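Notes follow once the structure below has been shown.
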Amino acid sequence: MSRLVSYRKQGPVAVLAIENPPVNALSPGVPEGILEGLKQALGDEEVKAVVLIGGGRTFIAGADIHEFEKIHAGEARGLDMILHAITELEQSPKPVIAAIHGTAFGGGLEVAMACHYRVAVASAQVGQPEVKLGIIPGGQGTQRLPRLAGAAKAAGMCAFGEPVKAADALSCGIMDRLIEGDLLAGALAFALEVSDKTPPKASERAVQGDPAVFASLHAEANKRLRGQMAPHAAIDAVEAATRLPFRDGCKVEAQLFENCLKSDQSKGLIHAFFGERTVAKIPGIGKDVLPMPIRQAAVIGAGTMGGGISMVYANAGIPVRMKETTQEALDHGLATIRKNYANSVKRGRFSEEFVNERLRLITPQLSYDGFEQADIIVEAVFENMALKQQVFTELDGIAKPDCVLASNTSTLDIDAIAAATRRPEWVIGHHFFSPANVMRLLEIVRGKQTSRQVIATSMDLARKLRKVGVLVGNCRGFAGNRMFAPYCRESVFLVEEGNAPERVDGALYEFGMAMGPLAVQDLAGLDVGWRIRKEFRHLEKPGVRYAELDTMLCERGHYGQKTGRGFFVYDESRKASSNPEVMALAKEYAAKAGIEQRAASNDEIIERCVYALINEGARLLEEGMALGSVDIDIVYLNGYGFPAWRGGPMKYADLAGLKKVHNKVCEFQRRFPDIWQPAPLLERLAEEGATFSSYDKSRG
Ligand code: 3H9
């Protein structure tokens, strides 16, 4: 018997248990084990029914995603064995019952639907999340699911990949019974009840579909998963089930599955799936470094960031003290928090009760009272080094000895902040992204002296706060903002060269960015960059071109959304329209500065902006400011609206080919020699025909 699937008999029922931790993926050996067990059960006259169950924490979380990576890498692997097991399960003359706990996802649900019955504990979840990997169900799920749950439900599940709870699965026909108490005992009892019945086959059921439903799902997919092909393919595959016999529908599914699997989109999304898990592993910080428990938190500052961060802690159930310097600022901060929560209730994200509980966890105050008990203190004051250092000196005198001291700075030197204390090993950067209660990214900035335990605690805390924590080095702007600067610079340059903001943003929006760079700058406030620029003006090199247009807008009092005018004009509902003043200013400035006005193609806009990100990313990587290119990708996917289906800027470069990227960067260097220089790492990898991913093999 395969070591991944065990076989035993309990009376007249054969129990096949999958033992492939951690999630019982259908790795090579698992379908073979199921087939072997089934054969044994069918050959044993005493066996009247078969129960298929998952050992450990779950049923089957799907096909083994590593196998798709191998297919992408050109290693000939087939998923045929999974399909073979699926067919044999359904053909079994003895009833097979899938007993589900944890998750039956993807291929896991497809295996369960090939069984004749499905029972589950109430906490179980089922789903077809393949679209999140850029593919569609490939184990006949698009054909069986509509036959069990109806075409509309199935198409929605396959197009958006959201899981369905056991009770919902029962009511829509996916599940046959919910088991209270012990799952195996319940499944065995169920097996005895059905052991003398002719096993029903999902593939033999009839299914109908309404074209209007499919059309509206396509429209929804265009909105929710803009630019992605898999959701549409999934809807088409389910639609095929409504007009073709089962076998022909399976052929349609197989073709669509294949198209999706070989697309760059699935390469990007699979990279993102594993990337999110990879960044949590820090080289040199193993299981021997135990994270400290964070039971109480404190935040300094109740502004946009401080208030948002306080909400993040409260949402994770951690009591948090939120300190301001004036009653007015404190009241304002609290009012904003209340308004944000009220919006969440209105949108159905949180219940009123949940919100009231969270609000009770936030203690607004003007003093440092209680800060001595906090396990972590997060500073979120104005972005000014002297002020931050003063706060950290105060904290040094108040915080308990084993309190993590985190700064939410987005640009300043963590070591200089740490130097204001006598315990730099306890100081770390926790760079949240605005709005902190929404954005998933948490850049964790390691100072020269930050201890391994403080890093381990921060990474563990990020997960508990439901953030994606990415460890980065201490350099100006850290990983995300440092790369964002040349990206934004190029977008402003393009406007200065005569390209309208809507054209520049439009090209990048089409590329897949959640927002164009100019709209992002308007949202963040043009004054933020202006202030930082003033602080660092002494570092600017004479004779080098810097983006001026944003400065010119600020000098006219146009800070972006907050003043209703920036690269765009905003109405009361924050709807953007074009700002005619921008093009006039650009023209005037270009004439004065000798900048050539010329229309850029969409490709040029995308390449200048995105390759600027990549080139700076390569520098970061070589300097060791990011542990791997995958860390940079995860930063960009979760903090900067980079399209997940492109995998992140570094993966995008790998897929485009580093030679191509390098050649373009060299071309830009010829055109703008004072601005563009190819990063040495990009140059080297391009020359070697290598990729950033291959460089990551020695991540850290
Ligand atoms: C599919 O089924 C296609 C079929 O239609 C085709 C049939 C022919 N494979 O997330 P966690 C690893 S496509 C390989 O931290 P959690 C994961 O990388 C598949 N590995 O745990 C991690 O490894 P490490 C459709 C997998 O409790 C470890 O398991 N299915 C797979 O927070 C723990 O994972 C999906 O898309 C896998 N399928 O969440 C489900 N799944 O420790 C994807 C997980 O080395 N998985 N790993 O970093 C999930 O959504 C979550 O992992 C799950 C558990 C909810 C199951």
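Only heavy atoms go into these numbers, but all of them, side chains included; no hydrogens, no water, no symmetry mates. These numbers were taken from a predicted model, which means no experiment stands behind them. The first residue in the sequence is number 1, and the count goes up from there. Start at 1 and go down the list; that is how both ligands and their atoms are numbered.
- Residues passing the side-chain contact (heavy atoms from CB on, under 4.5 Å) test with Glu357, sequence neighbours excluded: Arg360.
- The environment of CZ in Arg295 is sparse: at most 12 heavy-atom neighbours from other residues, nucleotides or ligands sit within 6.0 Å.
- Lys165 NZ: 12 or fewer foreign heavy atoms inside a 6.0 Å radius.
- Residues satisfying the side-chain contact (heavy atoms from CB on, under 4.5 Å) test with Asp64, not counting sequence neighbours, are Ala25, Ser27, His66, Glu67.
- To the nearest 0.5 angstrom, Leu89 atom CG is 6.5 Å from Leu52 atom CG.
- With sequence neighbours excluded, the residues satisfying side-chain contact (heavy atoms from CB on, under 4.5 Å) with Ile82 are Leu26, Pro31, Ala63, Leu79, Ile86.
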Distances for all N or O pairs of ligand 1 and the protein under 3.5 Å?
unit_1   : atom_1 : unit_2 : atom_2 : d
ligand 1 : 2 (O)  : Ala63  : N      : 2.8
ligand 1 : 2 (O)  : Gly107 : N      : 2.8
ligand 1 : 5 (O)  : Glu110 : OE1    : 2.6
ligand 1 : 5 (O)  : Glu130 : OE2    : 2.7
ligand 1 : 5 (O)  : Gly138 : N      : 2.9
ligand 1 : 9 (N)  : Ile65  : N      : 3.0
ligand 1 : 10 (O) : Arg277 : NE     : 2.9
ligand 1 : 10 (O) : Arg277 : NH2    : 2.9
ligand 1 : 21 (O) : Arg57  : NH2    : 3.0
ligand 1 : 27 (O) : Arg57  : NH2    : 2.6
ligand 1 : 30 (N) : Ala61  : O      : 2.8
ligand 1 : 38 (N) : Ala63  : O      : 2.9
ligand 1 : 45 (O) : Lys281 : NZ     : 3.4
ligand 1 : 48 (O) : Lys281 : NZ     : 2.7

